[in-house]
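Just so it is clear, the values below take in all heavy atoms, side chains as well, and ignore hydrogens, waters and symmetry mates. Residues: numbered from 1 along the sequence shown. Remember, it's a predicted structure, so these values are computed and weren't measured experimentally.
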Amino acid sequence: MTQVPGGGLAVTGGASSRDWAVRRVFVGDDGAPALRTVREVAPKEGNLTRLSLTAGHLVTAESDTTYLPALFQRNITLGAAPSAGQRSLLARPDAQTSGETAQRVYDYRQPVGTGDGRTVVATTDADGAQVLVVLATDGTKTVVPAVDPQTGEKMPTGSDHYSVVRSASGRYVVFGDSGRGVEDRQYVVDLDASGGPKVVRVRQGQGGLAVWGTKLWMPGDTDGTLQAVDLKSGVTTDTERITGGCLPQELQAVGPWVYWDCYPSGTVSSDGHGVYNTQTQQWSYAPRGTLGDGYVVAYDWDRGRLNLTPIGDGPRIIEAFTSQYSGPLVEADRFGGAIAYAKEKNAQITVLDSGVDTSPVAEIESRVEQSVNLASATDAVWDADWQLSKPVTGAQVTIRNKAGHTVFTGSAKEYAAAVAFSWDGRNGDRRYVNAGTYTWELTGTPADGSGAALRVTGTIELTKPTKTAADRGTGKSIS
């Protein structure tokens with residue numbers, strides 16, 4: 001704001017980039033500040049710096065469509081009637097934020113969706129330390145420092161250490177260095193850990209990490225191999241040979257597919273990168289690019305083409321660019337079959353179906369209570385959350401007794417590629433059921449229409465002891 005002759009102030013601003021103007025602030029007749037437009041300023045085309053598409057949730061990083069670099073969100077629906085939902089603000093620094101680092105916390109930073117509606121961004125705090133920012137769809141923010149939980153040592157700073165989200169799947173996120181240097185550090189975060197999100201595992205040295213469900217994929221003890229660690233149990237569940245002896249420095253994981261690249265800097269080698277099928281235990285050549293469910297999206301720099309390559313097949317041209325670009329922004333929806341891309345500094349985003357059949361919908365991680373005490377004074381409700389490989393519609397949970405008779409059926413809450421359900425132990429007549437063992441069944445229809453319907457089952461133990469002081473705990477156990 002600038003003081004002007006004759007009293008009052010001049011200020012440049014507006015409600016949005018389309019409402020920008022030089023305005024004079026003066027005292028109105030009622031004594032309150034008022035505005036008068038002096039000169040309008042033409043709208044400026046937004047600069048799209050990064051984008052993310054996860055389970056139909058599109059997030060964009062934009063540097064100048066608001067007064068500070070910010071993240072915006074909207075929901076995308078494909079199919080017979082494609083639509084783009086209302087664009088809304090996801091996150092930006094507070095207007096009173098001072099300091100270049102804090103003001104540009106989201107500038108040119110890659111947002112990544114987790115598949116359950118959350119978005120994560122690796123960036124730096126006001127002191128320059130590397131952190132992971134976790135954002136709910138309502139903008140609620142949690143900050144996780146890049147700190148080794150065993151030693152308390154922080155991730156080094158400087159030009160040699162630039163933190164990026166490397167992989168994300170539901171509750172688990174990998175962020176940190178590239179994994180190409182011996183001093184690189186990569187951090188595994190549990191977003192749903194007791195007490196809040198925190199780092200649960202750190203890897204130092206060369207080699208990439210990728211997570212899908214509860215499996216954390218990493219280089220094996222011998223070059224040319226991969227191994228998977230179950231993040232809940234800590235047990236190494238798979239060891240697979242994929243290459244002729246090189247160390248995978250970049251990994252991506254989607255469904256049954258694990259993409260690996262030993263030379264991500266661009267060294268040409270036909271056996272230095274590819275895609276491994278964990279179900280058939282075979283690997284196939286694939287171009288360097290972004291892994292989707294059954295395909296890889298890659299930009300052909302020599303020909304100026306954006307290509308989609310189904311795994312085990314030849315490339316298909318998505319678009320041939322008539323002008324030379326430094327490369328489009330490209331993302332494959334890991335929790336669905338969509339692709340989103342935008343040309344350099346062009347705010348127009350194209351979203352389309354890959355045309356490749358996606359894998360059957362499956363539960364890849366869950367937090368399901370195995371028992372509930374209906375007499376508990378603190379929590380007499382059965383809670384269940386499932387992370388799925390892709391979104392479903394019409395999700396519902398059916399509860400049956402030992403005789404197989406249905407005692408309750410209810411709709412589950414769907415958000416992105418996740419489903420949640422709660423049950424208070426009452427039947428359709430709102431009467432408590434008897435204590436005992438019950439079977440639950442989760443069903444749903446794949447939102448993309450590809451593959452069989454979802455069906456997941458399990459059991460729950462209900463108890464209804466007399467309410468005494470000793471019985472007033474939660475009485476719960478969780479798988």
Side-chain angles (χ1 to χ4, degrees), residues 114-118 169-172 190-195 213-215 230-235 237 360-446 452-479:
T114 61
D116 57 11
R118 290 177 288 194
S169 175
R171 67 187 291 178
Y172 296 111
D190 184 352
L191 300 183
D192 298 320
S194 177
T214 63
K215 282 189 176 183
D230 188 281
L231 288 170
K232 285 189 172 181
S233 66
V235 176
T237 58
V361 61
E363 170 206 318
I364 60 175
E365 194 270 330
S366 64
R367 282 153 287 153
V368 179
E369 293 174 339
Q370 293 179 313
S371 64
V372 59
N373 181 352
L374 296 180
S376 170
T378 56
D379 189 2
V381 176
W382 177 63
D383 294 311
D385 293 270
W386 297 271
Q387 177 64 58
L388 307 178
S389 59
K390 60 183 181 181
V392 297
T393 59
Q396 68 175 22
V397 175
T398 301
I399 311 292
R400 299 183 177 92
N401 59 21
K402 285 186 176 181
H405 298 146
T406 299
V407 298
F408 184 80
T409 299
S411 297
K413 180 181 179 181
E414 304 161 2
Y415 47 104
V419 174
F421 184 78
S422 295
W423 181 47
D424 61 3
R426 300 172 187 260
N427 60 22
D429 295 329
R430 304 306 299 150
R431 296 180 180 179
Y432 283 108
V433 300
N434 296 325
T437 301
Y438 291 80
T439 299
W440 57 263
E441 180 182 51
L442 169 66
T443 57
T445 302
L454 173 72
R455 182 178 181 272
V456 183
T457 64
T459 60
I460 174 179
E461 186 73 23
L462 296 185
T463 58
K464 295 196 299 183
T466 303
K467 294 183 180 180
T468 65
D471 294 326
R472 294 188 182 276
T474 63
K476 291 176 178 266
S477 61
I478 301 178
S479 61

**Request:** Just jot down the side-chain contact (heavy atoms from CB on, under 4.5 Å) partners of Ala384, sequence neighbours excluded, or say none.
**Result:** Val368, Trp382, Trp386
**Fill in**
Heavy-atom nearest pair, Ile364 first then Ser169, reads CD1-OG, 3.7 Å
**Request:** Decide yes or no on side chain to side chain contact (heavy atoms under 4.5 Å, CB included) for Val372 and Val381, but give the supporting numbers first.
**Result:** CA-CA 7 Å; Val372 59; Val381 176; 5.7 Å; no
**Request:** Given side chain to side chain contact (heavy atoms under 4.5 Å, CB included), test Glu369 with Ile460 step by step and report yes or no.
**Result:** CA-CA 7 Å; Glu369 293 174 339; Ile460 174 179; over 6 Å; no
Just list the side-chain donor-acceptor pairs under 3.5 Å for residues 407-421, sequence neighbours left out, or say none.
residue: Glu414; atom: OE2; partner: Gly394; partner atom: N; Å: 2.9
residue: Glu414; atom: OE2; partner: Ala395; partner atom: N; Å: 2.8
residue: Tyr415; atom: OH; partner: Asp385; partner atom: OD1; Å: 3.2

**Message:** As a quick check of understanding, evaluate side chain to side chain contact (heavy atoms under 4.5 Å, CB included) for Trp423 and Val397, giving each step before the final call.
**Reply:** CA-CA 9 Å; Trp423 181 47; Val397 175; over 6 Å; no
**Request:** Tell me, please, which residues at least two apart from Glu441 pass salt bridge (Lys or Arg N to Asp or Glu O under 4.0 Å).
**Result:** Arg400, Arg455
**Non-hydrogen atoms of Ala452 and Val361 that approach each other most closely** = O-CG1, 3.7 Å
**Prompt:** With a 4.5 Å limit on heavy-atom distance, are the side chains of Thr398 and Thr443 in contact?
**Reply:** no
**Item:** Worked verdict on Val456 versus Trp440 for side chain to side chain contact (heavy atoms under 4.5 Å, CB included)
**Value:** CA-CA 8 Å; Val456 183; Trp440 57 263; 3.8 Å; yes
**Asked** How many angstroms lie between atom CG of Leu454 and atom OG1 of Thr445, to the nearest 0.5 angstrom?
**Response** 9.0 Å
**Message:** With rounding to the nearest 0.5 angstrom, report the CG to CG distance, Leu442 to Leu388.
**Reply:** 7.0 Å
**Fill in**
Rounded to the nearest 0.5 angstrom, the NZ-OG distance for Lys232 and Ser366 is 5.0 Å
**Ser422 versus Asp383, closest heavy-atom pair with distance** = OG-OD1, 2.7 Å
**Request:** Measure across Ala453 and Pro446 and return the closest heavy-atom pair with its distance rounded to 0.1 Å.
**Result:** CA-CD, 3.9 Å
**Asked** Which salt bridge (Lys or Arg N to Asp or Glu O under 4.0 Å) pairs, counting each pair once, include a residue from residues 415-427, with sequence neighbours left out?
**Response** Asp424-Arg426, Asp424-Arg430
**Asked** Looking at NZ of Lys464 and CG of Asn434, how far apart are the two atoms once the value is rounded to the nearest 0.5 Å?
**Response** 5.5 Å
**Message:** Using 0.5 Å steps for rounding, measure from the CG atom of Asn401 to the CG atom of Asn427.
**Reply:** 11.0 Å
**Message:** Testing the basics here: between Gly117 and Thr114, what is the closest heavy-atom pair and its distance to 0.1 Å?
**Reply:** N-OG1, 4.4 Å
**Complete:** By side-chain hydrogen bond (donor to acceptor under 3.5 Å, both in side chains), Thr439 pairs with (sequence neighbours left out) none
**Request:** Search all heavy atoms of Thr437 against all heavy atoms of Lys402 and return the closest pair with its distance.
**Result:** O-CG, 3.6 Å
**Fill in**
To the nearest 0.5 Å, atom OG1 of Thr214 lies from atom CG of Asp190 at 11.5 Å
**Request:** Would you check, one step at a time, whether the test salt bridge (Lys or Arg N to Asp or Glu O under 4.0 Å) holds for Arg431 with Asp429?
**Result:** CA-CA 6 Å; Arg431 296 180 180 179; Asp429 295 329; 5.6 Å; no
**Message:** Going by side-chain hydrogen bond (donor to acceptor under 3.5 Å, both in side chains), name the residues that satisfy it together with Gln387, two or more places apart in sequence or in a different chain.
**Reply:** none
